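First comes the structure, then the notes that go with it.
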Amino acid sequence: MLFDLDGVLLDSASAVRATLAGVATCATGRRVMPRDLPPGALRRPRVEVLALLDVADPDDACARWWDSAMAATPIAAFPGVLPGLQALRDRGAALGAVTLQDRDRLQWLLPPAVAELLDVVVTRHDAPPKPAPDGLTAALNRLDARPERAVFVGDSPTDMAAARAAGVLALGATWGFHPPAALLTAGADHLLPHPTSIGPSLLHYLPLIDSA
């Protein structure tokens, strides 16, 4: 069972909004609040959002202030995720995460209670980032698992593309950053309605792979 972190296991939307506003404030010298972010900010590249907020050099601004701003905002797992992951472990499932986050951020981004339940975490430093399938393939290799016996739960079109390219069943998390229609267009095999969908019920999708 493979998962994205942000918007799937972790309720990080408020932290990302606050971080974007904080970085823009530092870069422009004027106070920017989360309510000032452009529409769809969580679905756009962060440098694009910062440019729309009149940040002259978004890449430099992120290098200077992103990590410190993000670290100042606690991030928790979505309700239901921790018992769901534990129930999967109790059923013998191997668990992993594939994320676009930097590995250095995991020490303060990933709650210890979540980290303890994951057998492997693959970051953008470990493999080419999604939508490339390399991160999922690396996670499966570390878990000694076959693609046809795996699912990947993600909340973005790039997650769905990566899953399909890796030969893994693509499950769209509709509680994340992107709308259901975007996930289906990107190739989601099924949509999951709520964080409590993470649990032993995910095992029911594996026979669908076998019969494909």
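Starting from 1, each residue takes its place in the sequence as its number. Since the model is a prediction, treat every value here as computed from it, not as a measurement.
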Pairwise side-chain contact, [X] with [Y], heavy-atom cut-off 4.5 Å (strictly under):
{"X": "R146", "Y": "L140", "result": "no"}
{"X": "H190", "Y": "V151", "result": "no"}
{"X": "D6", "Y": "S156", "result": "no"}
{"X": "L20", "Y": "R44", "result": "no"}
{"X": "T185", "Y": "P157", "result": "no"}

In terms of hydrophobic clustering (I, L, V, M, F, W, Y; side-chain heavy atoms under 4.5 Å; direct or indirect links), are [X] and [Y] co-clustered?
{"X": "V47", "Y": "M70", "answer": "no"}
{"X": "V49", "Y": "W65", "answer": "yes"}
{"X": "L9", "Y": "L117", "answer": "yes"}
{"X": "V168", "Y": "L184", "answer": "no"}
{"X": "L52", "Y": "L37", "answer": "no"}

If you count heavy atoms of other groups shown closer than 6.0 angstrom to [atom1] of [X], is the number above 12?
{"X": "R103", "atom1": "CZ", "answer": "yes"}
{"X": "R31", "atom1": "CZ", "answer": "no"}
{"X": "D90", "atom1": "CG", "answer": "yes"}

Steps toward side-chain contact (heavy atoms from CB on, under 4.5 Å) verdict (V55, V23): CA-CA 9 Å; V55 174; V23 171; 5.8 Å; no
Quick check against the 3.5 Å criterion: does [X] have a side-chain atom that pairs as donor or acceptor with the backbone of [Y]?
{"X": "T174", "Y": "L192", "result": "yes"}
{"X": "R17", "Y": "L42", "result": "no"}
{"X": "K130", "Y": "D4", "result": "no"}
{"X": "S12", "Y": "A15", "result": "no"}
{"X": "T25", "Y": "V32", "result": "yes"}
{"X": "R46", "Y": "C62", "result": "no"}

Any ion pair linking R89 and D119 (charged N to carboxylate O, less than 4.0 Å)? yes
Which distance, rounded to the nearest 0.5 Å, do you find between the [atom1] of [X] and the [atom2] of [Y]?
{"X": "T73", "Y": "L109", "atom1": "OG1", "atom2": "CG", "result": "11.0 Å"}
{"X": "R149", "Y": "L169", "atom1": "CZ", "atom2": "CG", "result": "11.0 Å"}
{"X": "L85", "Y": "E116", "atom1": "CG", "atom2": "CD", "result": "12.0 Å"}
{"X": "L110", "Y": "L10", "atom1": "CG", "atom2": "CG", "result": "6.0 Å"}
{"X": "W66", "Y": "L50", "atom1": "CH2", "atom2": "CG", "result": "6.5 Å"}

Which residues satisfy the salt bridge (Lys or Arg N to Asp or Glu O under 4.0 Å) test with R64, sequence neighbours excluded? D60
Can you list the residues that meet the salt bridge (Lys or Arg N to Asp or Glu O under 4.0 Å) rule with D155, with sequence neighbours excluded? none
Are a donor atom and an acceptor atom from the side chains of H125 and T123 found within less than 3.5 Å of each other?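 Side-chain D/A pair, H125 to T123: absent.
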side-chain contact (heavy atoms from CB on, under 4.5 Å) between D54 and R30, intermediate numbers included: CA-CA 10 Å; D54 299 323; R30 60 179 174 81; 3.6 Å; yes
Start with the C-alpha distance between L88 and L203, add both sets of side-chain angles, then the distance that settles side-chain contact (heavy atoms from CB on, under 4.5 Å), and finish with yes or no. CA-CA 8 Å; L88 282 168; L203 297 171; 4.1 Å; yes
Considering all heavy atoms of both residues, which atom of [X] and which atom of [Y] are nearest to each other, and what is their separation?
{"X": "Q101", "Y": "T99", "answer": "N-OG1, 3.0 Å"}
{"X": "P111", "Y": "A76", "answer": "CG-CA, 4.3 Å"}
{"X": "L143", "Y": "A94", "answer": "CD2-CB, 4.0 Å"}
{"X": "P133", "Y": "A162", "answer": "CB-O, 3.8 Å"}
{"X": "M160", "Y": "L183", "answer": "CG-O, 3.8 Å"}
{"X": "L206", "Y": "A150", "answer": "CD2-N, 3.9 Å"}

Let me know which of L118, L171, L202 forms a side-chain contact (heavy atoms from CB on, under 4.5 Å) with M1.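 Single pass found, and it is L202.
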Check against side-chain contact (heavy atoms from CB on, under 4.5 Å), L5 and L106: CA-CA 10 Å; L5 288 180; L106 295 183; 4.1 Å; yes
Relative to each other, are the rings of F78 and W175 parallel, tilted or perpendicular (30° and 60° limits)?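 Rings of F78 and W175: perpendicular, as their planes differ by over 60°.
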